[in-house]
Amino acid sequence: MAQVFRKVSDYGYGGSRVLRNTALALILSTGALHADQKTILALGDSLTAGYGLPREQGFVPQLANWIGQQGVDVKLINAGVSGSTTAGGLSRVAWSLSDDVDAMIVALGGNDYLRGVDPQTSRENLDRILAKGQEAGIPMLLVGITAGGNFGADYQTAFNRMYVDLAAKYDIPLYADFFEGLKAAAKTQSGMAKYMQGDGIHPNPAGLATIVPSIGPMVLALVQAEN
């Protein structure tokens, strides 16, 4: 059965140590540990954190439930922080990668795009995040966001290309667009409204229910990857 840890941000400073201690306490209290159980760190922004939703309806809990339904034993750590840029992810990746983490999902860049951050800066931050994962010797999944043309064609090309290039550099799988499953379900731009919260940026529970089974198989592959 899949399990979900509280968000790293809920614990504040020193959160990784609290998470390790909490995991140890749970192991000691139950007296059992599944040898094949994997722990996945989901490093992201508000899309990962579940902004605007009850905790149990956010992306990570829905993904955990989906994985559990596949009969796979996984713990997911929600390291999503609302408003986080790639720079924010870089600032916390080192302490988020505690010793018990077996794999990492990196889903950052949306806020960089919304703020018009230079794609080269975003690329460098993501590069350094992925380097940390590589140093830790864990498999990773890179999740992108598809930029539109509101900052111009050159920006759009550079932003979207950075995910492709970095996935190739680190030889890791790329899920190119977090919203892929939702867009497929909506079929049209106007059809997306019923899957989104009122801000038009964040998916509602129904929207996440279309996203999770789309990205889920890639997360399962990550779980099954050899360290």
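Counting begins at 1 with the first residue of the sequence.
For Thr86, the side-chain hydrogen bond (donor to acceptor under 3.5 Å, both in side chains) partners two or more places apart in sequence, or in a different chain, are Asp112, Asn125. For Asn150, the side-chain contact (heavy atoms from CB on, under 4.5 Å) test picks out Tyr113, with sequence neighbours left out. Not counting sequence neighbours, the partners of Glu56 by the side-chain contact (heavy atoms from CB on, under 4.5 Å) test are Pro54. With sequence neighbours left out, Tyr195 forms a ring-ring contact (aromatic ring centres under 6.0 Å, His included) with no residue at all. Partners of Lys132 under the side-chain hydrogen bond (donor to acceptor under 3.5 Å, both in side chains) rule, at least two apart in sequence or in another chain, do not exist in this structure. Taking the side-chain hydrogen bond (donor to acceptor under 3.5 Å, both in side chains) definition, one finds that Gln120 meets it with Glu124, sequence neighbours left out. Residues passing the side-chain hydrogen bond (donor to acceptor under 3.5 Å, both in side chains) test with Tyr155: none are found, sequence neighbours excluded. Residues forming a side-chain contact (heavy atoms from CB on, under 4.5 Å) with Asn160 (at least two apart in sequence, or on another chain): Thr146, Ala147, Gln156. For Ala131, the side-chain contact (heavy atoms from CB on, under 4.5 Å) criterion is met by Tyr170, not counting sequence neighbours.
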Phe59 and Ile211: CA distance, side-chain angles, deciding distance, side chain to side chain contact (heavy atoms under 4.5 Å, CB included) verdict:
CA-CA 8 Å; Phe59 171 69; Ile211 291 169; 4.2 Å; yes
Carefully, step by step, assess Leu43 and Thr48 under the rule side chain to side chain contact (heavy atoms under 4.5 Å, CB included).
CA-CA 7 Å; Leu43 184 73; Thr48 302; over 6 Å; no
Just do the side chain to side chain contact (heavy atoms under 4.5 Å, CB included) check on Ile77 and Thr39 with the steps written out, would you?
CA-CA 7 Å; Ile77 299 176; Thr39 297; 3.7 Å; yes
Can you check side chain to side chain contact (heavy atoms under 4.5 Å, CB included) on Ser84 and Arg92, steps first, answer last?
CA-CA 10 Å; Ser84 180; Arg92 65 182 191 277; 2.9 Å; yes
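Here ring pair (Phe, Tyr, Trp, His ring centres under 6.0 Å) pairs that include residues 62-82, with residues two or more places apart or in two chains, number zero. Applying the salt bridge (charged side-chain N to carboxylate O under 4.0 Å, His left out) test to every pair with at least one member in residues 172-187, sequence neighbours left out, gives these pairs: Asp177-Lys183. Applying the salt bridge (charged side-chain N to carboxylate O under 4.0 Å, His left out) test to every pair with at least one member in residues 148-173, sequence neighbours left out, gives these pairs: Arg123-Asp165, Asp127-Lys169, Arg161-Asp165.
Although no hydrogens or angles enter the test, the distance criterion places no donor-acceptor pair under 3.5 Å between the side chain of Gln37 and the main chain of Asp73. A side-chain donor-acceptor contact under 3.5 Å links Thr188 to the backbone of Gly191. When atom types are taken as modelled, the side chain of Gln197 and the backbone of Asn204 share no donor-acceptor pair closer than 3.5 angstrom.
Enclosure of atom OH in Tyr51 is not indicated, since only 12 or fewer non-hydrogen atoms of other residues, nucleotides or ligands lie within 6.0 angstrom.
Here the rule is side-chain contact (heavy atoms from CB on, under 4.5 Å) with Val223, and of Met218, Lys38, Gln70 only Lys38 fits it.
Grouping the Ile, Leu, Val, Met, Phe, Trp and Tyr side chains by contacts below 4.5 angstrom, directly or via other members, places Leu76 with Leu41. Leu182 is connected to Tyr163 through a chain of hydrophobic side-chain contacts under 4.5 Å among Ile, Leu, Val, Met, Phe, Trp and Tyr, so both are in one cluster. In terms of hydrophobic clustering, with Ile, Leu, Val, Met, Phe, Trp and Tyr side chains grouped at heavy-atom distances under 4.5 Å, Leu90 and Val117 are assigned to different clusters.
Residues Ile138 and Asp102 are not in side-chain contact: their nearest non-hydrogen atoms beyond the backbone lie 4.5 Å or more apart. Counting heavy atoms from C-beta on, the side chains of Ile105 and Val219 come closer than 4.5 Å. Using a 4.5 Å heavy-atom cutoff, the side chains of Leu126 and Met162 are in contact. You'll find the side chain of Val93 reaches within 4.5 Å of the side chain of Met104, heavy atoms only.
Expressed to the nearest 0.5 Å, how far CG of Leu174 lies from CG of Leu141 amounts to 8.0 Å. Rounded to the nearest 0.5 Å, atoms OG1 (Thr210) and CD (Gln62) are 9.0 Å apart. Atoms CD1 and CD1, from Ile40 and Ile67 in turn, are 5.0 Å apart once rounded to the nearest 0.5 Å. Atom-to-atom distance recorded for Leu114:CG and Ile201:CD1 is 5.5 Å, nearest 0.5 angstrom. Within the model, atoms OG1 of Thr85 and CZ of Arg115 stand 6.0 Å from one another, a figure rounded to the nearest 0.5 Å. Here the straight-line distance linking atom CG of Asp45 with atom CD1 of Ile145 works out to 7.0 Å at 0.5 Å rounding.
You'll find the ring centres of Phe151 and Phe159 outside the 6.0 Å limit.
What you find for Gly80 and Ala49 is that their closest heavy atoms are O-CB, 3.3 Å. A pairwise comparison of heavy atoms in Pro203 and Leu53 identifies O-CD1, 3.9 Å as the closest pair.
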